[in-house]
Asks: 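To start, I am sharing the structure in question, which I have written as structure tokens.
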Amino acid sequence: MIQQLLTEKSAKAIELLFGVKPAAEQLTLQRTIINFRNQGDFSLVVFPLLKLSRKSPEETAKLIGEKLLEIAQEVESYSVIKGFLNLRVKPSYWINFLRNNFSVENFGQHEKKSDVPVVVEFSSPNTNKPLHLGHIRNNLLGWSVSRILEANGQKVIKVNLVNDRGIHICKSMLAWKLFGNNATPESTGMKGDKFVGDFYVLFDKKFKQEVAHLQQNGYTEDEAANHSNLMAEARQMLISWEHKDPETRDLWTKMNSWVYNGFDQTYKRLGIEFDKTYYESETYLLGKELVEEGLKKGVLYKKNDNSVWIDLTSDGLDEKLLLRADGTSVYMTQDLGTAQLRYDEFKPSALMYVVGNEQNYHFDVLKLVLKKMGNEWADSIFHLSYGMVELPEGKMKSREGTVVDADDLIDEMINTAKQTTIELGKIEDFNSNEALNLYKTVGLGALKYFILKVDPKKNMVFNPAESIDFNGNTGPFIQYTYARIKSVLRKAEGLQIDFGKTDEMHQRELSLAILNYSYPQIVAQAAQEHAPSVVANFLFELAKEYNQFYHDLTILKEENDDKRSLRLALSKLTSITLKNGMNLLGIEVPERM
RNA sequence: GGUCCGGUAGCUCAGCUGGAUAGAGCAGCAGCCUUCUAAGCUGCGGGUCGUGGGUUCGAAUCCCGCCCGGAUCACCA
């Protein structure tokens, strides 16, 4: 890596000049800022070195620059501006890099690191309502982070944990039973998850009516809720379910299968799949044994009513319930159990959970409880906490009907892509199938990029009133750049790429080469930070750089064979980098658009 | 109230392991297609980086106080 090499040689130069080896933190080598790119490619900051040199910044920089010309064959020239030593790397270095990499299809893929997998859990929907924009962010993040880890040579197991049981599921079941008239998704022509979701909403509506009615008869709000027949029936249904009552179980199986059918369609459209799906109905009893164990070890304790707790106050958290007085488990108990299950099953190097930041506390507790019970592997638990997607006026609220439905949004994006494409007159020679594929690719590309370009940690704002852009820092911009390059490459087929004795490069060529060169480092950084946004922002920069290159220089019409070869190689490599990078975001890239 | 996260241009976001004159995109204005795809390129206007202190040769970036916004502190999941 050239940065590392230049840093090492600089250290050497300093040692030779001033007789002292500089500390690592005294050596900052950065990409030369854009305004001074004509002066060099990388810059060494000399201020921290003045203590060693005991000379002015300018003089120090000059001395180091001269010395580097002697001892670093990669350095072509230097210039000094204020306290910055700008170094120009010999073009032959980049040419050599291009020669070796310009047609490497898996450019950016790191070598396999180990067979020990990382387990990534994401999506984890409830089966009582359809997926919405928040789920989309979760799914895209989980998918993309998995791809990024894979690109870094790690083995990844993508798992989904479906929340398919509980009182909320019983609510939609009960509503269907009481008010559904045996309707089905087939009989109504509805998507299964939407169909079931409507009954969940219906339950809530009927329940509120009942409560309001009771309140009119003199009950307080709390009393009314407690006297609700509907709620009592839902609770009874949960008990029946837990007793494996056949009729209840049949209804449950039937309605869940409708939901899964709907989810599968959405996952497929998003291009997402899992290696393994867990169901809470099968795992919700796990964790009780762990609690027994914890009691024996004295890590947990029982209160008078027989409920089981852990005291985390000494760690700055609170007391946390793990088993109710009646011995039933809570969310935390289940999660302890599934974590243990997953650890036993895969012996992974890390257990990753892609879950919204509203659950930060939950995961702090989860990790701590496991740790206190003596599980060293608890340290490998990583909560990939992401921010909420909000509307300009704040949170999405189902009550106010402001929740942005996943399918609707996808439809809308594909539709906009269609309109835009037709307006621009891009598809005269496309057959209908090609055209449909293009709309899908571009529409989803816009949506996915829009979401993934934002730092996962941060909340983000989505304004339904403005459609997601197709120009500027967007997915379609990058896709367009790719298609543009492919068009050039198609026309260049048969041309020999052979850059014999090219020894000088245009600034645009240089920048493009260096950006591509840094892509593998970007992939590593994205993995380290668990941030697809790192890749997204890089790709935008690269696409922008290519468009400038494309605008300023000719490629096919260049008559000098060496220059044309260099530009074709740069084009080819850029297309590969764009494609591979977009792939890490789960975004497809069209050959023409 | 405790804990955690955030506050950068009208809007959406980069930059945050300290380094050069704080960057993009959108929106606005002005240009560039008989030339490899104009979903592109170029230019203009737009900033007390919430605020007050501190550390440093140097602070949007690190530390402390305060203000504002959000999340969370459930025998819901």
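Here is the naming used below: chain letters follow the sequence lines, and residue numbers restart at 1 for every chain. Fair warning: this is a prediction, and the values are worked out from it, not measured in the lab.
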Asks: Taking protein heavy atoms under 4.0 Å as touching, what does nucleotides 27-38 of chain B look like 5' to 3' if B marks base contact, S marks sugar-phosphate-only contact and - marks none?
Replies: --------SBBS
Asks: Is there a donor and acceptor pair, one atom on the side chain of A:Thr474 and one on the base of B:A39, closer than 3.5 Å?
Replies: no
Asks: Give me the residues of residues 37-48 of chain A where at least one heavy atom lies under 4.0 Å from an atom of RNA chain B, by number, or none.
Replies: A:Ser43, A:Val45, A:Phe47, A:Pro48
Asks: Please determine whether the number of non-hydrogen atoms from other residues, nucleotides or ligands lying under 6.0 Å from atom CD of A:Gln521 exceeds 12.
Replies: yes
Asks: Could I get the full list of side-chain contact (heavy atoms from CB on, under 4.5 Å) partners for A:Asp318, not counting sequence neighbours?
Replies: A:Tyr361
Asks: Which of residues 449-458 of chain A sit near RNA chain B, with a heavy atom under 4.0 Å from it?
Replies: A:Val454, A:Asp455, A:Lys458
Asks: Which pairs pass salt bridge (Lys or Arg N to Asp or Glu O under 4.0 Å) with one or both residues in residues 355-367 of chain A, sequence neighbours excluded?
Replies: none
Asks: Sequence neighbours left out, what passes salt bridge (Lys or Arg N to Asp or Glu O under 4.0 Å) with A:Lys486? Give chain and number order.
Replies: A:Glu591
Asks: Evaluate the ring planes of A:Tyr546 and A:Phe549, with Trp represented by its six-membered ring, and classify them as parallel (under 30°), tilted (30 to 60°) or perpendicular (over 60°).
Replies: tilted
Asks: With sequence neighbours excluded, give me every salt bridge (Lys or Arg N to Asp or Glu O under 4.0 Å) pair touching residues 529-544 of chain A.
Replies: none
Asks: Less than 3.5 Å apart, which donor and acceptor atoms pair up between the side chains of residues 381-391 of chain A and the rest of the protein, not counting sequence neighbours?
Replies:
| residue | atom | partner | partner atom | Å |
| --- | --- | --- | --- | --- |
| A:His383 | NE2 | A:Val355 | O | 2.8 |
| A:Ser385 | OG | A:Asn360 | OD1 | 2.9 |
| A:Tyr386 | OH | A:Asn138 | ND2 | 3.1 |

Asks: Residues in salt bridge (Lys or Arg N to Asp or Glu O under 4.0 Å) with A:Lys572, at least two apart?
Replies: A:Glu105
Asks: Using a 4.0 Å heavy-atom cut-off, write out nucleotides 71-77 of chain B from 5' to 3' as B (base contacted by protein), S (sugar-phosphate only) or - (no contact).
Replies: SSS-BSB
Asks: Determine whether a donor-acceptor pair (one donor, one acceptor, N or O, separation below 3.5 Å) exists between the side chain of A:Glu423 and the base of B:A39.
Replies: no
Asks: Pair up each side-chain donor or acceptor in residues 24-31 of chain A with any protein partner under 3.5 Å, not counting sequence neighbours, and list the distances.
Replies:
| residue | atom | partner | partner atom | Å |
| --- | --- | --- | --- | --- |
| A:Gln26 | OE1 | A:Ala23 | N | 2.8 |
| A:Gln26 | NE2 | A:Pro48 | O | 3.4 |
| A:Arg31 | NE | A:Asp41 | O | 3.1 |

Asks: Given a 3.5 Å cut-off on both pairing distances, which stems involving RNA chain B, each at least three consecutive Watson-Crick or G-U pairs, are present, if any?
Replies: B:1-7 with B:67-73, B:10-13 with B:23-26, B:28-32 with B:40-44, B:50-54 with B:62-66
